[in-house]
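What you see is a predicted model; the values in this text were computed from it and never measured. Side-chain atoms are counted along with the backbone in the values below, which use heavy atoms only and exclude waters and symmetry mates.
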Number of protein chains: 2
Amino acid sequence: MTTQAEYLKNYDPRLFPSPLVTVDSVLFTVHGGKLCVLLAKRANHPFLDQWGLPGGFIDLQHDASTQATAERKLREKTGVVPPYLAQLASFSGPERDPRGWSLTTVYFALIAHADCQPHIIDVSDVAWVPLDSLQTQQLAFDHQTIVEAALQRLRQKTAYSMLPVYCLPAEFTLSQLQEVIEIILSHTVQRKSLMRRFDASEMFEETGERVATGARKARLYRRKAGVDMRNFSRNLMVE
Amino acid sequence: MTTQAEYLKNYDPRLFPSPLVTVDSVLFTVHGGKLCVLLAKRANHPFLDQWGLPGGFIDLQHDASTQATAERKLREKTGVVPPYLAQLASFSGPERDPRGWSLTTVYFALIAHADCQPHIIDVSDVAWVPLDSLQTQQLAFDHQTIVEAALQRLRQKTAYSMLPVYCLPAEFTLSQLQEVIEIILSHTVQRKSLMRRFDASEMFEETGERVATGARKARLYRRKAGVDMRNFSRNLMVE
DNA sequence: GGAATAGTGTCTGTAAGACACTATTTC
DNA sequence: GAAATAGTGTCTTACAGACACTATTCC
């Protein structure tokens, strides 16, 4: 019979075989009329020189959680932490990494292209890749599957929340929001329905300014400080 | 410059410090008018003799995924694999396990009490605990937080799907379904609304039999083979 | 027949879809 | 004023809530 203190004193984590653990992120943005995902060219084996999701190992000394790991890795690649970052799921198995049994906890994130672009310009190993060019490209590990799962989640959430605002800069117009939503859903939405939900969400406030994106000047909005995502009890129609 | 083959030949996973990785499950059932969760009394340090979620280490030789680990561990505790088992999320950090930085991938599952009970009867280290008695009880690790997250997910899904059927035996009546839904939501639901959704889901078929649970005999239903969960585009009203 | 549970009919309420309408701005 | 985009009014539609009604079964 040992006490917990004695047990912990003698505990050696290397005695237990452990899977290889990583954290990866699917960072989306909308740019040039297309939904894009951030990819990084791998600088190490395995899958050296192939494109894959930005991610890496947990820093056990400094990371307070896998979310912290995801934030750190994204900051390394883009210079910023995206305004929306949430856990997607974990993917695991003996085959997905040639080094052996592995587990990756995946986060999915959104950012405005403009808020990220200055940092990744001229960096040849990080790129925004439109989702429709991913069909042909061969991604490292099971990252193709992961991106598809993230896309599905993004579309689901877009149907019952205002999540896509995180693809926009701090100040934005309703038309810009409508555009990113339609790009994400690959589907037009009723402007009137969008406006009703936009108001009902109580997540946004007018800046007071108006900008001319098209003909008539549009109101500028920003997210209210400290309010969290409103989930609607009905979905927008998809198909 | 090494090839990937050379790299893999020389790769030693022990060179990378790794978090402690476990898999845990939140298995729900409804029994005695209450939502219950399966707990196991810990046979090892840390938290020896305290109650916690059933789970454990991945068997790198035999488990094809963390889902397989969850299934194996639940089969060890209950003798069966529950009819519904899906990933909830992963929880991680340096503080949640006294042995050090740890990560647990958590699954949440549903089963009919009758389909499980024969196996855990007379086993003193596994028990169904009503959720309302969990407030007082001190669970191992961060398992209290995890159960709360699982409960939230269960309620969400109950609002837009027929998920609670997995708390019922293979053949069940509408009244039984209504009962488990109301227990999960802590809230009555309109029988008529439930019936409309039940029909619309196209997930079920009549067995042809009728049983007397109350006065008038009720139709028996079973899940159609091979159909998957239908998600409704509206939520049931909660509050 | 009365009590209890199973199941139906149907009206109301809410929020999305559809789409015509008005408003503002640039040319 | 024409064209284009921003924003409104309002009718329709889908489906959940409410609740009274009928049906079946046991005593």
Side-chain angles (χ1 to χ4, degrees), chain A residues 33 155-162 164 168 171-182 185 187-221 230-239, chain B residues 33 155-164 168 171-182 185-221 230-239:
Chain A
R155 285 188 172 148
Q156 265 173 210
K157 284 191 174 269
T158 299
Y160 65 78
S161 76
M162 291 288 163
L168 295 172
E171 304 197 341
F172 58 91
T173 67
L174 248 162
S175 295
Q176 290 174 321
L177 178 56
Q178 182 172 1
E179 194 197 349
V180 297
I181 289 173
E182 292 182 343
L185 296 178
H187 191 283
T188 59
V189 300
Q190 290 282 332
R191 184 177 184 79
K192 184 75 203 205
S193 300
L194 176 60
M195 293 179 89
R196 278 188 293 231
R197 293 174 84 129
F198 189 81
D199 290 345
S201 75
E202 299 188 288
M203 289 173 61
F204 311 103
E205 60 192 6
E206 291 191 46
T207 67
E209 285 172 291
R210 284 154 177 270
V211 289
T213 47
R216 178 172 169 180
K217 284 183 179 165
R219 292 173 205 197
L220 265 186
Y221 295 91
R230 157 81 188 274
N231 290 333
F232 301 99
S233 63
R234 298 190 192 181
N235 287 350
L236 286 177
M237 199 176 94
V238 177
E239 259 78 353
Chain B
R155 287 188 171 147
Q156 266 173 209
K157 283 192 175 271
T158 300
Y160 65 78
S161 77
M162 291 288 162
L163 189 63
L168 295 172
E171 304 197 340
F172 58 91
T173 67
L174 249 161
S175 294
Q176 291 174 320
L177 178 57
Q178 182 172 0
E179 193 197 349
V180 297
I181 289 174
E182 292 182 343
L185 295 177
S186 312
H187 191 283
T188 59
V189 299
Q190 289 282 330
R191 184 176 183 80
K192 184 76 202 201
S193 300
L194 175 61
M195 293 180 89
R196 278 188 294 233
R197 292 173 83 127
F198 189 81
D199 289 345
S201 74
E202 298 188 289
M203 289 173 60
F204 311 102
E205 59 191 8
E206 291 190 45
T207 67
E209 286 171 291
R210 283 154 178 271
V211 289
T213 47
R216 178 173 169 178
K217 285 184 179 164
R219 292 172 205 201
L220 265 187
Y221 295 91
R230 156 81 187 276
N231 290 334
F232 301 98
S233 63
R234 298 193 193 177
N235 287 350
L236 286 176
M237 199 174 97
V238 179
E239 260 78 349

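The nearest pair of heavy atoms linking A:Val189 to A:Glu182 is N-OE2, 2.9 Å. The shortest heavy-atom contact between A:Asn235 and B:Phe232 is ND2-O, 4.4 Å. In terms of heavy-atom proximity, A:Asn231 sits nearest to A:Ser161 at OD1-CB, 3.7 Å.
Distance A:Leu236 CG to D:dA14 C1': 14 Å, rounded to the nearest Å. Note: CE (A:Met237) to P (C:dA15) measures 19 Å, nearest angstrom. B:Glu209 has its CD atom 17 Å from the P atom of C:dA6, to the nearest Å. Protein atom OH of A:Tyr160 is 15 Å distant from nucleotide atom P of C:dA16, rounded to whole Å.
Using a 4.5 Å cut-off on side-chain heavy atoms (C-beta onward), B:Arg219 and B:Leu174 make no contact. Side-chain contact between B:Glu202 and B:Arg230 is absent, with no heavy-atom pair separated by less than 4.5 Å. Proximity of A:Arg197 to A:Leu236: side-chain heavy atoms (C-beta onward) are separated by under 4.5 Å at one or more points. The shortest distance between side-chain heavy atoms of B:Met162 and B:Leu194 falls below 4.5 Å.
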Footprint string (nucleotides 21-27 of chain C, 5' to 3'): B base within contact, S backbone only, - free, heavy atoms under 4.0 Å: --BBB--

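B:Ser175 comes within 4.0 angstrom of sugar-phosphate atoms only, judged by non-hydrogen atoms across all strands, and of no base.
Residue B:Arg234 places a side-chain atom within donor-acceptor reach of the base of D:dA14, judged by atom type and a 3.5 Å distance cut-off alone.
Between B:Tyr221 and B:Phe172, the angle of the ring planes lies from 30° to 60°, which puts this pair in the tilted group.
Listed in residue order, the members of residues 189-205 of chain B having a heavy atom less than 4.0 Å from DNA chain C are B:Arg191, B:Lys192, B:Met195, B:Arg196.
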